[in-house]
Amino acid sequence: MSRPRAWRRLGQEFFERDARALAPALLGTILASGSGPRFCAGRIVECEAYLSEGDPASHSFRGRTPRNAAMFARAGTAYVYAIYGMHLCFNVVSGARGVGEAVLVRALEPLIGLEWMRARRTVERERDLCRGPARLVEALAIERAHDGSSLLRGPLSLWSDGTRIAPRDIATAPRIGITRAAERELRFALRGSPWLSRPVR
DNA sequence: GGAATGATGTACT
DNA sequence: GTACATCATTCCG
């Protein structure tokens, strides 16, 4: 299966807002990788905002470094980084160019290319295919080489299939796995989705 | 140069 | 719930 014709690729203007606004807007949109028969896609059901100002949990908090350089690029750039020595995480850069903020994508509802996802990940339960930031990266074959690539033109892409998420269907919660600014509610999730990395209230 | 840390996942109790 | 695998990156001296 390949990409449905009705999908529309998200444009520059979609990404050009601060991370706190972009994160809930990303819910319901579709992240895709690969092409031809290897096309893979999943709907974003959970993500977290990492801000440019006053957010000690953000990689950009102490300024620009070689690792986080992509965070300071144009909105709509992919930021891919390694964590815990063995995993990668995928972010969507947001905001004005150079401010250093991004949205971490934490879980997808698998839509297309499930056979490829299963080939890359050995899971007992279908629901574990893309349930977690490092899991979805593996399922979609996202690599370090994708760091800094454009989501408007590059090998990874973001789409809308017309799905609109009502505000009441978006739950907010504290971000997961961080030690600083742990109380801030910058995690956004599709309420009731069975695909979340962890349930939300 | 060295130590500490981490936006995690898996296996096991 | 807890243990731990495993290493890039950062920060400090």
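Each chain gets a letter, A, B and so on, in the order its sequence line appears, and its residues count up from 1.
- Distance from the side chain of A:R144 is smallest for C:dT9 among the nucleotides C:dC11, C:dT9, C:dT10.
- Counting only distance, with no hydrogens or angles, the side chain of A:S150 and the backbone of A:R153 share a donor-acceptor pair below 3.5 Å.
- Within a 6.0 Å sphere centred on CD of A:E126, heavy atoms belonging to other residues, nucleotides or ligands number more than 12.
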Full working for side chain to side chain contact (heavy atoms under 4.5 Å, CB included) between A:R187 and A:V200: CA-CA 10 Å; A:R187 176 179 174 224; A:V200 284; 3.2 Å; yes
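- Residues A:D55 and A:R20 are not paired through a salt bridge, judged by the lack of any N-O separation under 4.0 Å between the basic side chain and the carboxylate.
- Within residues 82-103 of chain A, the residues having any heavy atom closer than 4.0 Å to DNA chain C are, in order of number, A:Y84, A:G85, A:M86.
- Counting only N and O atoms by type, the side chains of A:R43 and A:T163 include a donor and acceptor under 3.5 Å apart.
- For the pair A:S60 and A:R121, nearest-nucleotide mapping onto DNA chain B gives the more 5' position to A:S60.
- A heavy-atom distance below 4.0 Å to DNA chain B is reached by none of the residues of residues 20-32 of chain A.
- Around atom CZ of A:R121, more than 12 heavy atoms belonging to other residues, nucleotides or ligands sit under 6.0 Å away.
- Geometrically, A:R17 engages A:F14 in a cation-pi contact defined by less than 6.0 Å to the ring centre and at most 45° from the axis.
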Trace of the side chain to side chain contact (heavy atoms under 4.5 Å, CB included) decision for A:M71 with A:R64: CA-CA 8 Å; A:M71 279 187 89; A:R64 184 173 171 149; over 6 Å; no
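- Contacts between residues 131-140 of chain A and DNA chain B, defined by a heavy-atom separation under 4.0 Å, are made by A:G132, A:P133, A:A134, A:R135.
- With respect to the salt-bridge test (charged N to carboxylate O, under 4.0 angstrom), the residues A:D147 and A:R144 do not qualify.
- Of the inter-residue distances, the one linking A:R135 atom CZ with A:R106 atom CZ reads 10.5 Å to the nearest 0.5 angstrom.
- In summary, of the residues considered (A:L156, A:L88, A:V105), a side-chain contact (heavy atoms from CB on, under 4.5 Å) with A:I142 occurs for A:L156 alone.
- Between A:N68 atom CG and C:dT10 atom P the separation is 7 Å, expressed in whole Å.
- Residue contacts for A:L104: at a heavy-atom cut-off of 4.0 Å it reaches a base atom on one of the strands shown.
- When base pairs are accepted only as Watson-Crick or G-U wobble with both N-N or N-O distances under 3.5 Å, DNA chain C takes part in stems of 3 or more pairs at B:1-6 with C:7-12, B:8-12 with C:1-5.
- Within the nucleic acid shown, A:R67 comes within 4.0 Å of sugar-phosphate atoms alone, with no base atom in reach, counting heavy atoms only.
- For A:R118, the CZ atom is densely surrounded, since the number of other residues' heavy atoms within 6.0 Å is greater than 12.
- Using the six-membered ring where Trp is involved, A:Y81 and A:H59 have ring planes that are perpendicular, over 60° apart on the 30 and 60° scheme.
- Of all the residues in residues 193-201 of chain A, not one reaches under 4.0 Å from DNA chain B with any non-hydrogen atom.
- A:W195 and A:L140 fall within a single hydrophobic cluster, where Ile, Leu, Val, Met, Phe, Trp and Tyr side chains are chained together by heavy-atom contacts under 4.5 Å.
- Interface limits on DNA chain B: the 5'-most and 3'-most nucleotides within less than 4.0 Å of chain A heavy atoms are B:dG6 to B:dT10.
- Atom CZ of A:R3 sits about 9.5 Å away from atom CD1 of A:I112, to the nearest 0.5 Å.
- Between the side chains of A:R131 and A:S197, no donor-acceptor pair of N or O atoms lies under 3.5 Å.
- A distance of 13.0 Å separates OG of A:S94 from OH of A:Y50, quoted to the nearest 0.5 Å.
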Evaluation steps, side chain to side chain contact (heavy atoms under 4.5 Å, CB included), between A:T77 and A:L151: CA-CA 6 Å; A:T77 297; A:L151 297 169; over 6 Å; no
